[in-house]
Amino acid sequence: MASANLTARPGSPLRGRVRAPGDKSISHRSMILGALATGTTTVEGLLEGDDVLRTAAAMRAFGARVEQLGDSRWRIEGQGGFSEPEDVIDCGNAGTGVRLIMGAAAGFPICATFTGDLSLRSRPMGRVLEPLARMGAYWVGRDKGRLPLTMKGGNLHGLTYRLPVASAQVKSAVLLAGLHADSGVEVFEPEPTRDHTERMLRAFGAEVDVADQGGVRRIHLGYGQKLHGTHVRVPGDPSSAAFPLVAALIVPGSEVTVEGVLLNPLRTGLFDTLREMGADLTIANERQEGGETVGDVTARHSALKGVVAPPERAPSMIDEYPILAVAAAFAEGETVMRGVGEMRVKESDRIALMAAGLAACGVAVEEEPEGFIVRGAGKVKGGGLVRTQGDHRIAMSHLVLGLAAQTPVTVDEPGMIATSFPTFRSLMTGLGGEIAEA
Ligand code: S3P
């Protein structure tokens, strides 16, 4: 997506109260489960970012009626299953979209061809294709399981599967395929990952058992589960809230509150880590909404210190390391982020791009195969032109950095910010941040 560069300039403090956009993970799932269910699903607070809109279009292609009612409210009329799409399913930039949809589609005796943009076509799909093939799905495509590929599903068998990588996307693909297998599926996850699929399957009427077996999580979905349409209230995305909150921590004089942020403990690793760094981060008005805990999170400018981010916390903040690295650049001392090799297979190689982007802004960074170390000096020179390779989180992280650096920071290809946070620029400028086309 071609778009003019964006530049963030240091300036006044950030102040105000905002709402984070809807959670991306829950938004994708509301579309997919709504299409798989029988009857009407209504969604409020859907993230209307490009990734989720691709999933909505895919659900239409598989036979569901999907309608935008306005104001982030949507209605999905599910057919209780997928029918064969007439055309290629293009999931754009969305790894979550395509991996979950492939899992869901594998349950039906239909043929579907999946593709995506340049970034998605380079990302590994073998991690979901392997368990789906063990259940009985077939696929053909380019080598190494990259998109585009064509899959034919149906007549699936049950599966017992131990996740080889900590990935909620893989877990979810197996569970969604398992809805139409001839016996139950069980997934063992050595490191717990976000549990939105389990929670939402229950909300749509399925029985899902989750138990701890000697430190390993076992998720069991029994045979013959039926999904029924329901109402989904999408909480604010903590992965998006992270950007204005970290901006407030590093821009002197700032105080920002983000309302209605999802506080599921499998998603809040960043907040724990920032607190350990000395961040003044408080939560008010904690409440239950749509089966999840949400709250209003306030960040005030803070003197931060470097920490070791515990590797076992990685799954609960895997998308937040880029913005954590920005906080680390303004901290005093070393922040060590290890056990995050998965960052290399996200929308870009996020370890490499963060290391390069921070270095371009005068920050000392050391890259390792499965992690990186940021040596913070309390202040950042800035001035860099940061290459984002169209990765939304790389772009937003460096724009936040530019709001607190000594000189402006420019990012290329910022158009992809719309995949997860279409209102990022207006929200940040509304708080007082200076972000403009360069
Ligand atoms: C997601 C899971 C994570 C995360 C992604 C959303 C999900 O990916 O990076 O942005 O909604 O399940 P992995 O499960 O592959 O780590």
Side-chain angles (χ1 to χ4, degrees), residues 20-33 46-47 49-52 54-55 91-104 116 119-120 122-131 145 161 163-177 187 189-201 217 219 232 234-235 237-243 262 264 266-270 292 311-324 339-351 354 370 391-394 396-397 416-417 419-421:
D23 187 69
K24 181 154 74 75
S25 295
I26 294 178
S27 294
H28 279 298
R29 286 161 173 81
S30 66
M31 283 286 157
I32 298 168
L33 292 175
L46 188 91
L47 167 67
D50 290 347
D51 279 11
V52 175
R54 295 277 184 169
T55 293
C91 288
N93 193 241
T96 306
V98 77
R99 293 192 179 113
L100 270 59
I101 296 169
M102 286 197 293
S119 152
L120 193 57
S122 71
R123 294 179 67 185
M125 294 299 143
R127 52 180 59 196
V128 290
L129 296 169
E130 193 253 333
Y161 195 64
L163 289 182
V165 279
S167 168
Q169 295 179 358
V170 178
K171 168 177 67 177
S172 301
V174 172
L175 292 174
L176 293 175
V187 180
E189 50 175 9
E191 292 173 274
T193 64
R194 66 191 69 195
D195 59 356
H196 308 306
T197 302
E198 297 91 303
R199 285 171 184 255
M200 292 179 73
L201 278 170
R217 243 170 128 239
I219 301 126
V232 181
V234 183
D237 196 329
S239 303
S240 298
F243 297 105
L262 173 68
N264 179 320
L266 295 168
R267 296 288 301 281
T268 49
L270 174 73
E292 292 280 6
E312 64 278 9
R313 199 180 278 164
S316 69
M317 54 183 293
I318 192 65
D319 291 337
E320 283 69 81
Y321 282 91
I323 191 66
L324 173 63
V340 291
E342 276 293 295
M343 284 179 73
R344 293 203 186 270
V345 290
K346 296 293 177 188
E347 286 80 330
S348 68
D349 177 343
R350 287 183 171 160
I351 295 180
M354 281 314 296
E370 305 254 320
D391 184 323
H392 53 134
R393 297 197 202 280
I394 300 294
M396 289 187 279
S397 298
M416 295 305 269
I417 290 173
T419 59
S420 69
F421 199 161

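No hydrogens, no waters, no symmetry mates; every other heavy atom, side chains included, goes into these values. Ligands are counted one by one from 1 in listed order, and the atoms in each one are counted from 1 as well.
Partners of K171 by salt bridge (Lys or Arg N to Asp or Glu O under 4.0 Å), not counting sequence neighbours, listed by chain and number: E189, E198. With sequence neighbours left out, the salt bridge (Lys or Arg N to Asp or Glu O under 4.0 Å) criterion links R344 to D349, E367. Taking the salt bridge (Lys or Arg N to Asp or Glu O under 4.0 Å) definition, one finds that R99 meets it with nothing, sequence neighbours left out.
Ion pairing between D319 and R194 holds under the 4.0 Å rule for side-chain N and carboxylate O.
Closer than 4.0 angstrom to ligand 1 by heavy atom are K24, S25, R29, T96, A166, S167, A168, Q169, R194, I318, D319, K346, sorted by chain and number.
Side-chain contact, E130 with Y161: a donor N or O sits under 3.5 Å from an acceptor N or O.
Side-chain contact between I323 and R393 is absent, with no heavy atoms from C-beta onward closer than 4.5 Å.
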